[in-house]
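Presented below is the structure to which this report refers.
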Amino acid sequence: MDYSFNAIEAKWRQLWQERKTYQVAEDHTKPKFYVLDMFPYPSGAGLHVGHPLGYIASDIFARYKRLKGFNVLHPMGYDSFGLPAEQYAIQTGQHPAITTKENIARYRQQLDLMGFSFDWDREVRTSDPSYYKWTQWIFKQLFNAYYDTVANKALHIHQLIAQFESEGNTNVTAVHECEQLFDAAAWMAFSPAEKEGILQQYRMAYLAESWVNWCPALGTVLANDEIINGVSERGGHPVEQKRMMQWSMRIKAYAERLLESLNHIDWTDALKEQQRNWIGKSVGSSVQFAVKGADLQIEVFTTRPDTIFGVSFMVLAPEHPFVAQICTVAQTNEVQAYQQQAMLKTERDRQADIKNITGAFTGACALHPFTGQEIPIWIGDYVLASYGTGAVMAVPCGDQRDFDFAKHFNLSIPNIFANQDCTEAAYSEKDAIIANSDFLNGLDTKAAMEKAIAAIEAKGIGQGKTNYRLRDAVFSRQRYWGEPFPVYYQDGLPHLVEDALLPVTLPDIDAYLPTQDGEPPLARAAKEAWSIHLGERMEYNTMPGWAGSSWYFLRYMDPHNQEAFADPEKLAYWNQVDLYIGGSEHATGHLLYARFWTKVLYDLGFITFDEPFAKLINQGMILGKSAIAYIGPDQKMYSLDMLPASLDGFREVRILIDLLNDDDSIQLDALKAWQPQYTSQEFICNAHGKVLVKREVDKMSKRWYNVVTPDALCEKYGADTLRMYEMFLGPLEQSKPWDTKGITGVHSFLKKYWRLFYQNGHFELEDSQPSNIALKTLHKTIKKLTDDLDRFSFNTGVSSFMICVNELTEQKCNNRHILEQLTILMAPYAPHICEEIWSKLHPASAGILNAAYPVFDPAYLAESSFDYPVSFNGKMRFKVTLELSHAIEEVKDLVLARPETHKWLEGKTPKKVIVVHGKIVNIVL
RNA sequence: GCGGAUGUGGUGAAAUUGGUAGACACGCCAGACUUAGGAUCUGGUGCCGAGAGGUGUGCGGGUUCGAGUCCCUCCAUCCGCACCA
């Protein structure tokens with residue numbers, strides 16, 4: 001009987017749904033296991049074969065854990081706020097909610113085809129008011145929190161206010177930006193506006209000015225990737241750097257904890273390293289340099305206070321607030337011109353372009369704090385306003401960028417290292433002895449640092465300091481399709497909307513664009529359009545994409561709760577995510593923010609764990625294979641093998657891969673029908689009358705015409721085949737190109753597996769005691785499979801099944817026990833076919849996931865002899881089968897006595913013979 | 001520029017702890033069955049060589065009895081870099 005996968009899969013999809021096979025609830029009699037996928041943004045293009053890769057892996061693992069007796073939480077939802085829907089709305093006027101709903105429906109349809117064991121009753125959508133009500137609620141907790149450096153955790157802002165009221169802020173131990181000192185009386189005398197202004201400098205969620213990419217023509221802020229070569233991607237308008245009042249999150253307060261607890265989670269070293277670098281801890285010192293003839297102190301942060309005597313100039317970021325004040329009249333034009341120029345560059349451009357050294361002299365000088373020497377103050381765009389203090393003390397002999405700058409502008413490069421030459425390049429190693437440095441002479445870096453910091457502190461011009469590259473996270477977006485803030489303004493001050501009035505829902509507006517005067521789209525909403533309208537106005541910004549995704553894993557635990565973001569008992573039961581699978585592109589965005597919010601919620605007592613994802617695996621990207629055709633100067637399309645030696649005047653065009661035959665030739669009629677420019681295309685065919693294309697690996701994307709969707713493959717080969725093939729492609733973590741051709745191998749394998757159960761066209765199994773050889777095959781497979789699953793090696797798992805089925809076919813095995821055990825092993829990978837077989841084996845069973853996972857017995861694999869590979873100088877020459885009972889010395893003698901050994905010895909005496917028992921023999925000549 | 005990853009047959013890959021390189025598939029070649037094949041089955045297939053054999057894991061060095069695996073240098077490709085998600 002044939003393996004009719006379409007019928008089988010449709011049947012089980014329906015039965016699983018009817019029986020609610022994958023619904024879970026808290027069950028204290030079983031150990032819990034939480035398997036999570038990074039939820040998708042539902043784009044208009046639907047899913048391509050790359051998207052489900054991680055979902056298949058996590059589904060296999062979730063099913064495996066269920067078979068192992070765990071209560072498995074395996075949910076799915078949608079990260080459904082985002083720019084693409086908004087852009088589409090701008091173009092068409094269609095409300096993003098409609099687009100989003102349609103896209104989700106399409107995603108769901110595609111996901112259902114693949115047979116995932118998601119508990120869909122727990123679905124969440126970040127754009128659903130019942131969900132973002134709680135995103136707003138969490139924002140409120142952040143607004144009402146500050147970070148106490150002694151308790152080393154976030155505390156409620158009431159505690160801070162109480163302290164202000166009783167003693168002012170002189171003894172406050174909080175992370176803040178408040179430079180003003182006040183006592184209790186002064187605090188009590190402040191106006192509400194003054195009080196709030198001060199509190200903003202302590203709150204975890206606060207309003208402050210930040211630098212943004214402002215596009216005046218579009219009236220909006222742009223992301224770096226919306227800017228191409230300094231102009232907006234849409235429309236090509238100029239973009240400039242601008243300060244703007246924005247909501248921010250004080251994630252910097254958590255820098256040390258985010259760094260430290262990386263040591264306690266099971267993520268790859270690569271990913272942890274990326275987060276460590278992102279947080280960018282550096283230990284050094286702050287130093288103040290007085291400006292000559294002005295009452296100004298320029299503060300710098302340096303990681304090398306030991307090199308302070310090597311300072312020969314200073315560089316400020318072009319945006320540094322002092323620039324205008326210190327610039328001399330003579331230099332004003334040059335400096336302003338340079339500022340203009342720098343303003344047009346994005347930060348990334350400024351960092352990437354180190355070949356073009358640019359800068360301008362302000363005309364002003366600073367005074368060296370120890371020598372009193374005059375130090376010219378320059379501005380240069382290699383210094384970033386957003387890192388450190390936006391100013392550096394330049395030590396050209398010790399820092400390559402400073403060195404290059406000095407060379408370019410002909411500034412002096414004093415050498416402060418004994419026995420190091422600094423005429424050609426800076427010496428940035430930390431192993432030199434300091435010289436020409438007054439009281440630091442003769443010290444090594446470490447000792448010099450300590451002494452320099454002590455001197456700096458003694459002089460009162462700075463202190464030892466730890467700096468982090470991590471910046472506070474900007475939390476406002478001037479967009480429509482995001483969470484509204486639970487905030488209104490009264491007398492110009494932000495106030496929170498009370499809990500009972502949440503959620504503040506998105507008001508309808510007439511166009512999804514900024515207003516004429518550059519206000520965000522929500523400023524267009526009429527008062528009545530808001531679900532709540534308080535004070536003078538509501539907050540017009542919306543939250544960023546990462547707001548909803550920073551806590552969604554918690555909502556899955558209790559998705560319909562209307563009283564809390566989740567029931568504390570359920571939070572305690574499901575606890576951390578045990579396995580999280582998703583793309584590595586989220587390494588420093590989502591994964592850091594989710595850790596941050598988790599820690600805040602932990603500090604405030606809402607959850608009992610302070611890391612969200614105990615174990616994390618990154619799946620690689622599936623790439624597409626584009627089809628590239630060549631069009632000659634004569635406008636004819638040339639077959640790849642008909643191209644002339646010189647391609648002058650030729651252009652490459654990408655054509656839809658669906659228009660190709662298996663041999664990479666174009667279906668010419670289909671091409672002509674595809675796009676109007678090809679309607680009367682002429683071709684230069686090869687000798688076989690074909691037009692071949694070149695295949696090239698690109699990102700899988702609509703724009704390269706190389707997208708392969710799961711739908712058609714499910715239809716043609718079945719979901720089980722597709723699931724196994726995606727796993728078979730290679731290691732989960734690696735990127736790899738998609739090639740549909742290979743899928744037939746996996747499909748044949750499933751057919752071969754199916755045939756094992758059939759004799760003369762009937763489903764028929766024999767019940768006798770299984771043979772030793774079949775038991776050996778089975779147990780070898782059990783061992784390999786469990787080992788592979790434990791290290792998340794899904795591709796080798798599929799190979800093991802193939803080997804097993806090949807061997808059982810060879811053995812003509814039709815034994816019930818063997819095939820039943822194999823079926824349980826395979827159920828996580830190919831759930832439909834295994835469920836179908838299981839239902840034939842056990843018609844009364846509630847489903848294969850209730851079966852017991854096979855247990856490995858090493859007794860079946862015991863061997864008495866081994867094929868020793870015999871190598872000469874490490875090259876394997878022949879094999880000798882020997883009993884494993886032979887000791888090492890006996891093996892050596894037996895091998896040396898062999899005639900083959902004599903042949904390879906070529907009359908020489910072995911210098912050494914190495915025998916590793918049960919592994920190898922190596923004879924050294 | 002900074003940070004991370006990856007380089008093994010024609011292709012996707014395997015080799016889990018330093019111990020037989022290329023398992024398992026795709027493709028290709030030869031054959032069987034068939035009216036037919038995008039079905040099924042059998043055999044072969046890293047490269048050079050008629051063969052013996054030589055050679056081979058991005059390049060170049062090193063450690064070791066033994067290196068795809070460890071160390072150093074270089075090269076190439078991909079991903080991220082704070083408002084794409």
Range-with-range stems for RNA chain B, at least three Watson-Crick or G-U pairs under 3.5 Å: B:1-7 with B:75-81, B:10-12 with B:24-26, B:27-32 with B:40-45, B:46-48 with B:53-55, B:60-62 with B:70-72

Can you check the distance between B:C48 and B:G31, where both ends of the measurement are the C1' atom (answer in whole Å)? 27 Å

Nearest-Å distance for atom pair CD/C1', residues A:Glu696 and B:C78: 14 Å

Can you tell me if A:Ser665 uses its side chain to pair, donor with acceptor, with the backbone of A:Asn661 under 3.5 Å? no

Results of salt bridge (charged side-chain N to carboxylate O under 4.0 Å, His left out) for A:Lys892 - residues two or more places apart only: none

So does A:Arg350 have more than 12 non-hydrogen atoms from other groups sitting under 6.0 Å from CZ? yes

What does nucleotides 20-45 of chain B look like as a protein-contact string, B for base, S for sugar-phosphate only, - for none, at under 4.0 angstrom between heavy atoms? BS-BBSS-----------BSSS----

Quick one about A:Asp472 and A:Ser248 (side-chain donor to acceptor, distance below 3.5 Å, no hydrogens or angles considered), yes or no? no

Taking the same atom, P, in B:G80 and in B:G44, what whole-Å distance lies between them? 45 Å

Using whole Å, report how far CG of A:Asp664 lies from C1' of B:U11. 12 Å

Pick the P atom in B:A85 and in B:A39, then give their distance to the nearest Å. 45 Å

Using a 4.0 Å heavy-atom cut-off, does A:Ala270 contact any base of the nucleic acid, only the sugar-phosphate backbone, or nothing at all? sugar-phosphate

What's the gap between B:C47 and B:G1 when it is taken at their C1' atoms, as a whole Å value? 41 Å

Would you confirm whether the ring centroid of A:Phe81 sits within less than 6.0 angstrom of the ring centroid of A:Tyr132? yes

List the protein contact pattern of nucleotides 79-85 of chain B with one symbol per nucleotide (5' to 3'): B for base contact, S for sugar-phosphate-only contact, - for none; contact means a heavy-atom distance under 4.0 Å. -SBBBBB

Distance below 4.0 Å between A:Arg877 side-chain N/O and B:G66 OP1 or OP2: no

Are side-chain N/O atoms of A:Asp2 and A:Tyr758 paired as donor and acceptor at under 3.5 Å? no

Is A:Trp904 touching bases, backbone alone, or none of the nucleic acid, heavy atoms closer than 4.0 Å? sugar-phosphate

Pairwise C1' distance for B:A15 and B:U69, with rounding to whole Å: 9 Å

Can you confirm if the NZ or CZ of A:Arg471 lies within 45° of the ring axis of A:Trp211 and under 6.0 Å from the centre of its six-membered ring? no

Using the P atom in both, what is the distance from B:G62 to B:A13, to the nearest Å? 31 Å

Heavy atoms of other groups near A:Arg243 CZ, more than 12 under 6.0 Å: yes

Exercise: do A:Trp247 and A:Glu539 side chains pair donor with acceptor under 3.5 Å: yes

Rounding to a whole Å, what distance do you find between A:Gln734:CD and B:U6:P? 7 Å

Using a distance-only test with no angle check, is there a side-chain donor-acceptor pair under 3.5 angstrom linking A:Thr777 and A:Glu807? yes

Find out whether the Lys NZ or Arg CZ of A:Lys751 is both under 6.0 angstrom from the six-membered ring centre of A:Tyr3 and within 45° of the ring's axis. no

Quantified in whole Å, what is the P atom distance between nucleotide B:A25 and nucleotide B:G46? 16 Å

May I ask you to check whether A:Lys752 and A:Asn806 show a side-chain donor-acceptor distance below 3.5 Å? yes

For B:A23 and B:C71, measure between their P atoms and round to the nearest Å. 28 Å

Footprint string (nucleotides 67-75 of chain B, 5' to 3'): B base within contact, S backbone only, - free, heavy atoms under 4.0 Å: ---------

Does B:G38 fall in syn (glycosidic angle within 90° of 0) or anti? anti

Run the ring-centre check on A:Tyr254 versus A:Trp597 and record whether the distance is less than 6.0 Å. no

When rounded to whole Å, the NZ to C1' distance for the pair A:Lys784 and B:U16 reads 7 Å

Base, sugar-phosphate, or nothing for A:Lys272, non-hydrogen atoms under 4.0 angstrom? nothing

In terms of heavy-atom contacts, does CZ of A:Phe403 have more than 12 from other residues, nucleotides or ligands at under 6.0 Å? yes

Rounded off to whole Å, could you give me the CZ-to-C1' distance for the A:Arg695 and B:G10 pair? 15 Å

Rounded to whole Å, the CG-C1' distance (A:Asn922 to B:G66) equals 5 Å

A:Arg479 with A:Glu226: basic N within carboxylate O range, under 4.0 Å: yes

For A:Glu715, side chain to side chain donor-acceptor pair (under 3.5 Å) partners two or more places apart: none

Mind calculating the distance between CG (A:Asn277) and C1' (B:A5) to the nearest angstrom? 13 Å

Could you tell me how far apart A:Gln400 (CD) and B:C2 (P) are, to the nearest whole angstrom? 11 Å

Walking RNA chain B from its 5' end, the first of A:Leu271 and A:Pro731 to be reached, judged by nearest nucleotide, is A:Leu271

